[in-house]
Amino acid sequence: MNDCNKIPTNSPLDKLLKGGIESDAVTNIYGEAGSGKTNIALLCAISVINGNKKVVFIDTEGGLSFERLNQLANGNGSHYLKDILLFEPKTWQEQCKRVKKLNDLVEQENVGLIIIDSMVSLYRLELTNDNFHQINRDLSKQYSTLSNICRSKNIPVLVTNQVYSIAGKIELTSKTIGRYWAKTLIRLEKLEKPGHRVATIVKHRSLPEEKHIEFVIVENGLKEVGKFSIF
Ligand SMILES: Nc1ncnc2c1ncn2[C@@H]1O[C@H](COP(=O)(O)OP(=O)(O)OP(=O)(O)O)[C@@H](O)[C@H]1O
Ligand SMILES: [Mg+2]
């Protein structure tokens with residue numbers, strides 16, 4: 001058992017999670033396209049860099065936009081970018097190799113957060129009926145590596161997952177693996193009211209399930225929507 005710190009996300013998730021994401025566990029944020037996963041990842045990165053640590057950002061789907069980073073950093077995007085160790089694997093094999101190398105990277109650099117945005121987009125491209133078992137073994141191995149890093153080094157890991165409306169057997173397997181390894185699971189959903197989203201705790205070691213918070217995405221971050229909010 002580690003002495004776990006919480007890392008602020010600089011977003012309404014800090015209120016939901018009583019301070020932020022846990023440093024000794026994998027946090028998995030999932031939700032449909034545009035629900036705010038990459039925004040939260042970037043806000044978390046900014047928070048960790050403000051604490052003078054570097055951030056490993058494994059971007060598997062070209063989601064990291066400098067323009068958006070710059071907006072969230074109030075025009076200081078370049079300052080933050082230099083402390084982001086950015087990797088952009090283009091295939092599932094490249095992603096597997098990159099995750100394996102993280103053990104060495106965290107020994108060499110002062111890393112305060114590892115982000116994988118998103119975990120299974122390349123997995124989905126690679127899957128066939130024939131390689132199903134091997135690819136799932138690869139996925140479990142990646143999660144195991146990530147989990148060992150957070151537990152032994154107290155470096156938080158944030159992974160995102162997109163949800164797809166047609167969930168087949170393959171989809172369910174990757175979900176089951178992801179949910180097993182993550183100690184915190186957060187679901188993001190878009191609400192009917194334009195721009196409104198809700199983040200809900202699906203799994204947590206010390207907070208109740210179904211606790212949720214409503215928010216909107218604005219130029220410089222995410223804002224909670226309260227009862228008397230102008231949003
Ligand atoms: N400057 C801004 N002001 C307000 N909303 C913004 C701004 N920039 C981006 N957004 C909103 O953020 C949303 C996209 O969020 P984000 O990229 O975090 O989604 P995501 O969950 O990562 O999606 P995907 O699964 O496609 O990667 C869009 O609805 C977009 O309109
Ligand atoms: Mg994204």
Side-chain angles (χ1 to χ4, degrees), residues 7-14 16-17 20-21 26-49 55-78 80-81 84 86-90 92 95 98 113-125 139 156-167 170-171 174-175 178-179 182 184-202 212-225 229-231:
I7 310 296
T9 63
N10 268 335
S11 78
L13 257 57
D14 292 343
L16 183 71
L17 299 173
I21 59 167
V26 177
T27 296
N28 184 339
I29 297 183
Y30 68 94
E32 62 187 294
S35 54
K37 302 179 295 291
T38 302
N39 271 279
I40 292 169
L42 289 172
L43 287 165
C44 234
I46 289 171
S47 157
V48 167
I49 294 167
V55 173
V56 174
F57 199 121
I58 301 181
D59 179 11
T60 66
E61 49 187 30
L64 201 162
S65 139
F66 177 74
E67 192 173 345
R68 188 61 185 134
L69 173 67
N70 202 36
Q71 290 171 350
L72 295 173
N74 295 314
N76 267 328
S78 312
Y80 289 92
L81 195 59
I84 294 180
L86 177 64
F87 300 100
E88 298 174 295
K90 301 289 185 297
W92 177 244
Q95 182 178 328
R98 175 45 58 199
L113 171 68
I114 296 169
I115 293 167
I116 305 193
D117 185 24
S118 76
M119 193 69 182
V120 296
S121 53
L122 297 171
Y123 160 104
R124 288 172 59 83
L125 292 177
L139 182 63
V157 172
L158 178 64
V159 305
T160 70
N161 278 293
Q162 219 190 77
V163 291
Y164 303 87
S165 45
I166 307 161
I170 285 169
E171 198 65 45
S174 75
K175 267 192 203 162
R179 285 168 190 217
T184 300
L185 265 176
I186 309 282
R187 178 178 70 233
L188 300 185
E189 288 160 297
K190 288 185 185 172
L191 298 175
E192 265 176 38
K193 203 167 170 190
H196 284 230
R197 288 152 173 86
V198 63
T200 306
I201 295 177
V202 177
H212 57 273
I213 200 158
E214 201 175 317
F215 68 91
V216 290
I217 301 174
V218 294
E219 172 93 3
N220 65 351
L222 267 51
K223 296 277 168 278
E224 182 185 357
V225 179
S229 168
I230 53 160
F231 293 110

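Order of appearance sets the numbers: ligands from 1, and atoms from 1 within every ligand.
Rounding to the nearest 0.5 Å places NZ of K193 at 7.0 Å from CD of E214. To the nearest 0.5 Å, atom CG of residue D59 and atom CD1 of residue I115 are 10.0 Å apart. Atoms CD1 and CD, on I213 and E224 in that order, are 3.5 Å from each other to the nearest 0.5 Å.
Residue N39: no N/O/S atom is found under 2.8 Å from the Mg ion (ligand 2).
Ligand 1 places these atoms under 4.0 Å from at least one heavy atom of G36: 15 (O), 16 (P), 18 (O), 19 (O), 20 (P), 21 (O). Of all atoms in ligand 1, numbered sequentially from 1 with element shown, those under 4.0 Å from a heavy atom of R197 are 29 (O). Remark: ligand 1 atoms within the under-4.0 Å shell around heavy atoms of Q162 are 24 (P), 25 (O), 26 (O).
Of the listed residues (I217, T160, D117), the one carrying the non-hydrogen atom nearest atom 11 (C) of ligand 1 is I217.
Between the side chains of Q71 and R68, a donor-acceptor pair is found at a separation under 3.5 Å.
Nearest to atom 27 (O) of ligand 1 among the protein's heavy atoms is E61 OE2, 3.5 Å. Ranking protein heavy atoms by distance to atom 2 (C) of ligand 1, first place goes to R68 NH1, 3.7 Å.
The shortest N or O to N or O distance between G34 and ligand 1 is under 3.5 Å.
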